[in-house]
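Fair warning: this is a prediction, and the values are worked out from it, not measured in the lab. The residues of the chain are indexed from 1 along the displayed sequence. Side chains are part of it too, since the values below use all heavy atoms of this structure and drop only hydrogens, waters and symmetry mates.
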Amino acid sequence: MSSAVLTGHERTAVQAYLRLLHTVRATLDSPASAPRPVIVPASALAEADDALAVAGLAGNEEAFFALVRGWCSEGSEGG
């Protein structure tokens with residue numbers, strides 16, 4: 001993981017995590033009158049878990065969040 005370029009598996013893991021994060025945020029940011037699910041959809045959690053495992057990042061949060069920070073900072077440049 002010394003390269004600044006993400007592998008396909010790393011990119012998939014970061015994207016799955018961000019989708020999960022956006023799902024949770026959307027749920028928490030919804031109006032109080034809107035019905036809220038009790039849990040995060042199992043499919044969103046499973047997608048993130050599977051992607052982390054395939055990328056070899058399961059249990060390596062420091063390396064994973066470094067990838068997330070890099071991905072997010074690249075996406076925010078020029079915008």
Side-chain angles (χ1 to χ4, degrees):
M1 284 201 264
S2 59
S3 173
V5 178
L6 273 62
T7 67
H9 292 307
E10 290 169 342
R11 185 173 31 261
T12 299
V14 169
Q15 290 172 328
Y17 167 76
L18 292 174
R19 279 192 293 277
L20 176 61
L21 181 63
H22 293 302
T23 299
V24 171
R25 279 189 179 160
T27 299
L28 296 176
D29 290 344
S30 63
S33 60
R36 293 184 181 199
V38 177
I39 57 172
V40 174
S43 60
L45 289 172
E47 177 191 19
D49 283 344
D50 291 345
L52 286 170
V54 169
L57 295 166
N60 193 346
E61 291 82 6
E62 183 178 343
F64 174 68
F65 285 114
L67 293 174
V68 172
R69 281 190 301 276
W71 176 271
C72 291
S73 66
E74 286 178 16
S76 64
E77 292 176 3

Determine whether V54 and T12 make a side-chain contact, defined as any pair of heavy atoms from C-beta on separated by less than 4.5 Å.
-> no
Mind checking whether H22 and L18 have side chains closer than 4.5 Å, heavy atoms only?
-> yes
Nearest heavy-atom pair of E10 and V5: which atoms, and what distance?
-> OE1-O, 4.3 Å
Between A48 and L20, which heavy-atom pair has the shortest distance, and what is it?
-> CB-CD2, 4.1 Å
What residues, two or more places apart in sequence or in another chain, satisfy side chain to side chain donor-acceptor pair (under 3.5 Å) together with R11?
-> none
CG-CD distance between L67 and E62, expressed to the nearest 0.5 angstrom = 11.0 Å
Listed once per pair and sorted, the salt bridge (Lys or Arg N to Asp or Glu O under 4.0 Å) pairs that draw on residues 48-57, sequence neighbours left out = none
